[in-house]
There are 2 protein chains.
Amino acid sequence: MYHPMIHPPLAVTVDLVLMAVMEGHLAVLLQRRETEPFAGHLALPGGFVRVDEGLDEAARRILRDKAGFAMGEDAWLEQLYTFGAPDRDPRMRTVSVAYFALLPSAQLAQAVGSRDDLDLEPVVGHPEPLAFDHTQILATAHDRLKAKLDYTPIALALLPDMFTLRDLQIVHEAITGINLNKPAFRRRMIDTGWIEATGLRETETAFRPAELYRQKS
Amino acid sequence: MYHPMIHPPLAVTVDLVLMAVMEGHLAVLLQRRETEPFAGHLALPGGFVRVDEGLDEAARRILRDKAGFAMGEDAWLEQLYTFGAPDRDPRMRTVSVAYFALLPSAQLAQAVGSRDDLDLEPVVGHPEPLAFDHTQILATAHDRLKAKLDYTPIALALLPDMFTLRDLQIVHEAITGINLNKPAFRRRMIDTGWIEATGLRETETAFRPAELYRQKS
DNA sequence: GCAAAAGTGTTGTGATTACACCCATGT
DNA sequence: ACATGGGTGTAATCACAACACTTTTGC
């Protein structure tokens with residue numbers, strides 16, 4: 001059934017779409033390529049899957065390499081889609097299992113600040129074309145994020161442990177690009193049961209401080 | 001960056017979850033294995049991805065091999081998820097890109113009838129464990145199908161070109177396992193805009209014949 | 001007390017369901 | 001005529017959004 005001569009094995013990679021919401025805009029972590037092909041272009045971070053590690057494991061390893069050890073553990077990480085067009089990498093036939101990961105902006109900013117090769121770019125209205133089929137991968141990740149916003153607590157992965165309802169609304173607006181009605185949004189979020197009030201308040205605010213919420217259970 | 005010695009390539013396969021609704025029950029196409037490992041177990045049909053073909057292309061080739069040429073073209077085919085645990089195949093490290101495909105029951109029954117090695121089994125309450133991680137792949141496919149039922153016209157892929165609203169309701173009930181209210185279901189389906197009345201009627205029915213609908217546009 | 005943002009009450013609308021009923025057809 | 005399933009009308013419920021309003025805080 002299986003003959004290596006007839007069915008040569010392929011290179012399998014993981015590409016990572018690591019996103020955060022910074023100052024009201026959805027941003028993605030990119031890496032400037034120094035070698036051909038696509039030298040000088042921005043690309044998603046990625047790497048080869050090792051023979052003895054699973055796909056999720058490989059994705060988490062790459063996440064730790066880019067965002068630092070501490071962030072790797074509790075970040076939202078989810079398989080996105082697998083891209084395998086024969087000509088997607090001019091060097092060789094590769095199949096790339098794309099993952100997307102979400103981090104609070106503070107953690108991602110800290111990780112990027114300490115590295116020269118990493119770059120945060122806006123997801124929407126980004127002018128520069130990415131290397132390989134990474135523009136398509138990024139679009140797929142953005143679509144998936146938009147779709148899951150309404151029926152999963154995925155947005156909470158983009159916020160710190162405690163956050164205000166306004167913070168949460170900003171995250172939603174950044175991802176969908178749609179401005180939401182404040183009272184409707186508040187009640188919709190509270191009704192989901194995903195979050196609970198802490199009893200604590202914002203500090204160092206110019207005006208009335210808002211209540212801090214946290215993820216439930 | 002890429003050293004074949006350090007990053008040996010992996011075997012990449014496509015596994016196919018080919019489903020249909022037969023007599024009110026969701027069924028899946030399985031193949032009895034004759035060789036080790038898992039000899040005698042039922043398994044999803046699959047095959048290796050060739051170096052010069054894309055993933056969708058490989059999935060469609062396998063679909064044609066199993067269901068016959070004519071069906072391969074217009075069947076619903078969609079990438080499901082990629083499974084790559086290091087020990088999922090005891091022979092070697094393989095990464096399997098799972099696809100799911102949908103066919104009208106008449107077409108699938110015809111394809112299976114002409115082949116001894118193929119078998120249609122119910123998806124729910126199937127007692128026999130499948131080979132490899134195929135039980136998990138099948139469960140993932142069933143979940144995906146349930147989820148997409150409400151916001152895509154995916155159920156129409158399980159029906160012939162013309163069908164009654166009762167047929168469509170049976171398909172929905174078979175997939176979700178939930179009995180639906182007839183008038184509510186009718187109107188919900190018509191309001192989606194996915195289907196249109198043809199003006200034609202069922203024939204050879206014992207009682208009042210129902211109107212035939214077809215997919216719009 | 002004023003500005004600014006947090007938070008709530010009220011109403012309207014659209015989607016969906018449940019139930020009851022009428023309609024059309026073959027025997 | 002009647003049994004059977006197709007198809008429709010009506011009312012109740014729910015989710016959600018829009019808007020106006022009150023409340024709370026720092027200056």
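Here is how names work: the chains are called A, B, and so on, in the same order as the sequence lines, proteins then strands, and each is numbered from 1.
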Return the value, rounded to whole Å, for the distance between atom [atom1] of [X] and atom [atom2] of [N].
X      : N      : atom1 : atom2 : result
B:Q169 : C:dT17 : CD    : P     : 11 Å
A:F163 : C:dA6  : CZ    : C1'   : 16 Å
B:K182 : C:dA18 : NZ    : C1'   : 13 Å
B:D150 : C:dA15 : CG    : C1'   : 13 Å
B:M189 : C:dT16 : CE    : C1'   : 12 Å
A:L200 : C:dA6  : CG    : C1'   : 16 Å
A:L168 : C:dG7  : CG    : C1'   : 15 Å
A:E211 : C:dG7  : CD    : C1'   : 10 Å

Protein proximity profile, nucleotides 15-27 of chain D - base contact B, sugar-phosphate-only contact S, no contact -, cut-off 4.0 Å on heavy atoms: --BBBB--BBBS-
Do NZ/NE/NH1/NH2 and the carboxylate oxygens of [X] and [Y] come within less than 4.0 Å?
X      : Y      : value
B:D15  : B:R88  : yes
B:R144 : B:E78  : yes
B:R188 : B:D150 : yes
B:E202 : B:R208 : no
B:R93  : A:E53  : no

Touch class at under 4.0 angstrom, heavy-atom based, for A:R166 against every strand present: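 If one applies the 4.0 Å heavy-atom cut-off, A:R166 turns out to touch the sugar-phosphate alone, with no base involved.
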Separation between CZ of B:F132 and NE2 of B:H41, rounded to the nearest 0.5 Å: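 Rounded to the nearest 0.5 Å, the CZ-NE2 separation comes out at 10.0 Å.
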